[in-house]
Amino acid sequence: MRLSLLALIAAAAAPSILVSNAFSPPASRIHTNNAKLQATVEKDAVMTDLSADSSAKSLFSNIMAANRAEIAVRIMRAATELNAGTVGIYVHEDRYSQHRWGADRSFLLEKAADATPISAYLDIPQIIKIAQEANVDAIHPGYGFLSESPEFAQACADAGITFVGPTVENLNRFSDKTSAREAAIAAGVPVVPGSDGALTTKEEVTSFVEGIGLPIIIKVRETTCNYFIKMTRESKS
């Protein structure tokens, strides 16, 4: 079987050379296989040319990646594959980052001298202003930062810019853990035992713990970040 396989490979590489051995198929079958292989290669080449046609119209003209680093790079790569222009934003600390230089155009986010670099990526008015000046018609927030901000999605809508993500209504519902839990219960989705709403006082927390027991997990209502989760095993903590 190995000799037969080698014969086929040699015939495909150099059809003019006759390769023969006791395990080789007839020459006519080799030529038939070569013809099919050639037809497949030519078909794939045509499809590749069509998919890479730079004249193909994109759904959006300019897409902004409202994020940084690898997340923004991935957004830009996808936008480029869709033949859309790419717009990046960056802070001074990210001036050498790939997402700045990988964009067709990139704009510096301004911030106060004592502000953190991250705060600039959360500056909704400034990001929208840059997007409008750069003729951006779609903003992809990536994940983290403003990706689950209903305020940001609404600001995009108000500016006539497509927010690549959930609707404002969905973000309002699921960015708040209380309303998200209520929606899950209403839809018949099983949920872990927990408070019916947000607990705002020490007395409410104490009463809840006495009823359900320890340990419990405490999570900030209006965030999806796991940094704001704390497990409590003792009542005094």
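By convention here, the first residue in the shown sequence is residue 1. Given the structure is predicted, the values throughout are model-derived calculations rather than measurements.
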- Task: Would you indicate whether D158, at its atom CG, is surrounded by more than 12 heavy atoms from other residues, nucleotides or ligands within a distance under 6.0 Å?
- Result: yes
- Check whether any side-chain heavy atom of I63 sits under 4.5 Å from a side-chain heavy atom of T86, and report yes or no. no
- Item | Donor-acceptor pair, side chain of S58 and main chain of L82, under 3.5 angstrom | yes
- Task: Give a yes-or-no answer on whether the side chains of E169 and T167 include a donor-acceptor pair shorter than 3.5 Å.
- Result: no
- Task: Determine whether K230 and I217 make a side-chain contact, defined as any pair of heavy atoms from C-beta on separated by less than 4.5 Å.
- Result: no
- Linking I/L/V/M/F/W/Y whenever any side-chain heavy atoms sit under 4.5 Å apart, do L108 and V136 land together? yes
- Item | Note: E182-K177 ion pair, threshold 4.0 Å (strictly below) | no
- Would you say V164 and F145 are hydrophobically clustered, going by side-chain heavy atoms of ILVMFWY under 4.5 Å? no
- Item | Rounded distance (nearest 0.5 Å) linking atom NZ of K202 with atom OG of S207 | 14.0 Å
- Message: Any heavy-atom pair between the side chains of D94 and V91 that's under 4.5 Å?
- Response: yes
- Item | Nearest heavy atoms of S106 and A103, plus distance in Å | CB-CB, 4.5 Å
- Query: Can you tell me how far the NE2 atom of H140 sits from the CD1 atom of I71, to the nearest 0.5 Å?
  - Reply: 10.5 Å
- Message: Applying salt bridge (charged side-chain N to carboxylate O under 4.0 Å, His left out), can you list everything that pairs with R74, at least two apart in sequence or on another chain?
- Response: E70
- Task: Please answer whether the main-chain N or O of F60 pairs with a side-chain N or O of D137 as donor and acceptor at a distance below 3.5 Å.
- Result: no
- Separation between NZ of K111 and CD of Q126, rounded to the nearest 0.5 Å: 11.0 Å
- Query: Which distance, rounded to the nearest 0.5 Å, do you find between the CG of N62 and the CG of N135?
  - Reply: 6.5 Å
- Message: With a 4.5 Å cut-off on side-chain heavy-atom distances among I, L, V, M, F, W and Y, is there a chain of contacts connecting M64 to L59?
- Response: no
- Side-chain (S195) to main-chain (G197) donor-acceptor, under 3.5 angstrom: yes
- Query: In Å, rounded to the nearest 0.5 Å, how long is the span from CD1 of I124 to CD of Q154?
  - Reply: 10.5 Å
- Is the backbone N or O of V168 less than 3.5 Å from a side-chain atom of N172, with the two atoms forming a donor-acceptor pair by type? yes
- Query: Can you check side-chain hydrogen bond (donor to acceptor under 3.5 Å, both in side chains) on T206 and E210, steps first, answer last?
  - Reply: CA-CA 6 Å; T206 300; E210 290 175 349; over 6 Å; no
- Query: Cluster question for you: counting only ILVMFWY and a side-chain heavy-atom cut-off of under 4.5 Å, with indirect links fine, are I139 and V87 together?
  - Reply: yes
- Query: Linking I/L/V/M/F/W/Y whenever any side-chain heavy atoms sit under 4.5 Å apart, do I128 and L171 land together?
  - Reply: yes
- Item | Heavy-atom side-chain proximity of H99 to V73 below 4.5 angstrom | yes
- Item | Check: T116 main-chain N/O paired with S119 side-chain donor or acceptor under 3.5 Å | yes
- Query: Hey, are the side chains of Y121 and N67 touching, using non-hydrogen atoms and a 4.5 Å cut-off?
  - Reply: no
- Task: Kindly indicate whether the side chain of L122, heavy atoms from C-beta on, has any atom under 4.5 Å from the side chain of F152.
- Result: no
- Task: Look up atom CE in M76 and atom CG in D104, then write down how far apart they are to the nearest 0.5 Å.
- Result: 8.5 Å
- Item | Considering all heavy atoms, the nearest G142-S147 contact | O-CB, 3.3 Å
- Is the side chain of T201 donor-acceptor paired with the backbone N or O of E204 at a distance under 3.5 Å, no angle test? yes
- Query: Do R105 and E133 pass the salt bridge (Lys or Arg N to Asp or Glu O under 4.0 Å) test, and can you show the C-alpha distance, the side-chain angles, and the key distance before you say yes or no?
  - Reply: CA-CA 12 Å; R105 292 175 294 157; E133 293 176 350; over 6 Å; no
- Task: Look only at the side chain of S179 and the backbone of R173, and say whether a donor-acceptor pair between them is shorter than 3.5 Å.
- Result: yes
- Message: Taking Y90's backbone N and O only, do any of them form a donor-acceptor pair with R95's side chain (distance below 3.5 Å, no angle check)?
- Response: no
- Message: How close do G194 and R181 get, counting heavy atoms only, and between which atoms?
- Response: N-NH2, 3.2 Å
- All heavy atoms of I89 vs all of A65, minimum pair found to be CG1-O, 3.8 Å
- Item | Any E110 side-chain heavy atom under 4.5 Å of H92 side chain | no
- How about F163 and L146: do any of their side-chain heavy atoms sit closer than 4.5 Å? no
